[in-house]
Every structure is written in structure tokens, then in C-alpha cells.
Amino acid sequence: MSAAHAARRMFGLTEPICLATYLADEPNEELAALGHRTYWDGYFASRAAPLGRVPAEVVHAAFYSFADGEAARHIPSAWATVPPEESFAAWRRGSVAALRRILGAELSGSPGVTRAADLLTTAATSAPTEGRVMYAGMRTLEVPGGPLTRLWQSATTLREHRGDGHVTALLAERVGSTEAHLLSALDMGIHPPETFGRVHHLPAARLADVMSGLRRRGLVDDDGRLTDAGRDVKARVEALTDELAAPPYAALSDAELDELVAELEPLSAVMSAAWSQ
């Protein structure tokens, strides 16, 4: 398979594992026990932690997908009483606990998890970090010893690597953060796109302004639906994202990549089933 296709395949297999961090209860419970008041306090405090105590402006730039001012509502205040490294440790601990619960004792402790963790770690620690801010932050962390924890951290590191490349692809197409969410919503069949969960909380005037900009560029029509030009932009963003996500997997031989796919498939299937319930 091509490098870009391999990257897309690996994203499909690892994303259900990474989603434990965002959809399961355990990470939120761990973060709340530390004193974080809201989901978003814990999210920003934990995900940004590998960057160190950077200003909100840096977090906003690195995350890219949040509207102006959203990072500043949580950074640096979320670190005022809980150090970044403690937030990240709790986030990881809760995520791994969720994986263990959903996968079950037999599967989460299986040789397949250990082998998948080993291969994912090879990939996650092998790519260049230049231009990859979030990935570089994750690379500064010590590789965990436990197989399930190593699986989660390597999958998350690769997710951040892909995310950095996605930002590059969006910038190349001059697609802003809120624009990206609206285009994605339309691509998923959500209409009106302003109801999409990642943007519905934004001021109506802000969303109307962004939609007007997309209309002026010919990416959405008067009914607020994707045009052919909009679909082309979305396709180019995704294709470039896949291409830029490929470098970590060059560290694996074709046989190792096939083995990794085989080991991840049952794990991913169980996790995907959990999120579809």
C-alpha cells in the first residue's frame, strides 16, 4: 500500500483507541479529583502539558482548532493549582483505565497489545519533529513501561503528529479553524453546519461571518451546502494530511506494518463498538 494509504489506515485503527481520552469517564474523573472544575479545564491543562508552561497564545496556535479566546479561558489558570505534568499524568492514567475496562482483562493484557505497543512506539518515536509542535511536545515524554500505557501514549503521539500535518494542510488551503469545522460538518452531512458540536456554542454573528466568507470563496452555496469547489478543498486537505502523516511508518518494514495492522484490528473493533453504543 502507498505511504499515504498506510497513514490513513493507521489513523482509522488508532483513533478509536485515542478516543478513550475524550469520550470515557475515567479521564474526567481523574482530572476532577485533581481539582479541575470543568471538562475543558482538564482538556487544555492536560493536552497542552507537554508544551510546558507556555502562554495561551502558544496553545491557541498549536491547537489551531479553537476560536479566539477559548484557550485563554483555561490557560494558564488551569495550571494555577495543578502542575501541567500532574494533569497529563492523570489524563493518561484515566485514559489507560478506560482502555483496560473496555477491552477487558484478557485482551488488554494480551501479547497482541504488547506487540502493537512495541511497533507503534517505534513509529511514534522515529519521525522528524521539525514543524510539528504538538508532536515534538509528546516526544519529550518518557516512554512508559506498561504495554497498555505505551500503546495509548504512542497512539496519542501519532495523533498529534497527524494533527500537526493537518494544520499545515489547512493553512495551505487558507482554511481557518472555524471554517475547518464547518466544512467538516457539511462533509459529514450536518446541516446547518452551525449546529455542529465543535462550533454551536460560538456567537451566532461569528458563525454567520465565517459562513459568509465561505460563500464568498465559493466553497458553500446560498443554501449553506458544500459546492464542488468546497468538496475539492476538503479532499485536498485530507489527501495532504495523509501524505504528511506517513513519515512515522517509514520506520516499520512492510511485514511489521502488516503485523501492526493485524494486532490493532481486534483492539480497534472493540473500542469502535464501545463508542457506537
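Sequential numbering from 1 along the given sequence is applied to the chain's residues.
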Any donor-acceptor pair under 3.5 Å from [X] side chain to [Y] backbone:
X    : Y    : result
Q153 : E142 : yes
H36  : V82  : no
S276 : A273 : yes
S46  : Y43  : no
D223 : R225 : no
S272 : A269 : no
T129 : A136 : no
R150 : G145 : yes

Closest approach of [X] and [Y], non-hydrogen atoms and distance?
X    : Y    : answer
A116 : L264 : CB-CD2, 4.1 Å
D242 : A4   : CB-O, 3.7 Å
A127 : R139 : O-NH1, 2.9 Å
T178 : A67  : OG1-CB, 4.5 Å
V199 : P193 : CG2-O, 3.9 Å
S95  : A20  : O-CB, 4.1 Å

Between [X] and [Y], is any pair of side-chain heavy atoms under 4.5 Å apart?
X    : Y    : answer
M134 : H161 : no
L260 : M10  : yes
M211 : V220 : yes
E263 : L119 : no
H166 : S65  : no
T14  : R159 : no
F11  : T241 : no
E15  : C18  : yes

How many angstroms lie between atom [atom1] of [X] and atom [atom2] of [Y], to the nearest 0.5 angstrom?
X    : Y    : atom1 : atom2 : answer
M138 : D164 : CE    : CG    : 11.0 Å
L158 : S126 : CG    : OG    : 9.5 Å
E259 : S253 : CD    : OG    : 8.5 Å
E57  : I75  : CD    : CD1   : 11.5 Å
I17  : L151 : CD1   : CG    : 4.5 Å
T227 : D232 : OG1   : CG    : 8.0 Å

Joint cluster assignment, [X] & [Y], ILVMFWY side-chain distance < 4.5 Å:
X    : Y    : value
L267 : L23  : yes
L170 : V59  : no
L244 : V167 : no
F196 : W40  : no
L182 : Y64  : yes

Yes or no on side chain to side chain contact (heavy atoms under 4.5 Å, CB included) for L148 and L103, after CA distance, side-chain angles and deciding distance?
-> CA-CA 10 Å; L148 197 60; L103 292 174; 4.1 Å; yes
Yes or no on side chain to side chain contact (heavy atoms under 4.5 Å, CB included) for R162 and Y135, after CA distance, side-chain angles and deciding distance?
-> CA-CA 8 Å; R162 182 181 180 86; Y135 174 65; over 6 Å; no
side-chain hydrogen bond (donor to acceptor under 3.5 Å, both in side chains) partner of E26, the single match among R101, R93, R100 |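 Only match with E26 under side-chain hydrogen bond (donor to acceptor under 3.5 Å, both in side chains): R101.
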Verdict with supporting geometry, T122 and D118, side chain to side chain contact (heavy atoms under 4.5 Å, CB included) = CA-CA 6 Å; T122 297; D118 290 344; 5.7 Å; no
Determine, stepwise, if the pair W91 / R47 fulfils side chain to side chain contact (heavy atoms under 4.5 Å, CB included).
-> CA-CA 8 Å; W91 203 45; R47 187 178 170 216; 3.6 Å; yes
Is R236 salt-bridged to E243, going by a charged N under 4.0 Å from an acidic O?
->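 Looking at R236 and E243, the cut-off is not met.
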Please work out whether the ring planes of F44 and F63 are parallel, tilted or perpendicular, with thresholds of 30° and 60°.
->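 Plane angle under 30°, so parallel.
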Take atom CZ of R37 as the centre, draw a 6.0 Å sphere, and report whether it contains more than 12 heavy atoms from other residues, nucleotides or ligands.
->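 At most 12 heavy atoms, drawn from other residues, nucleotides or ligands, come within 6.0 Å of this atom.
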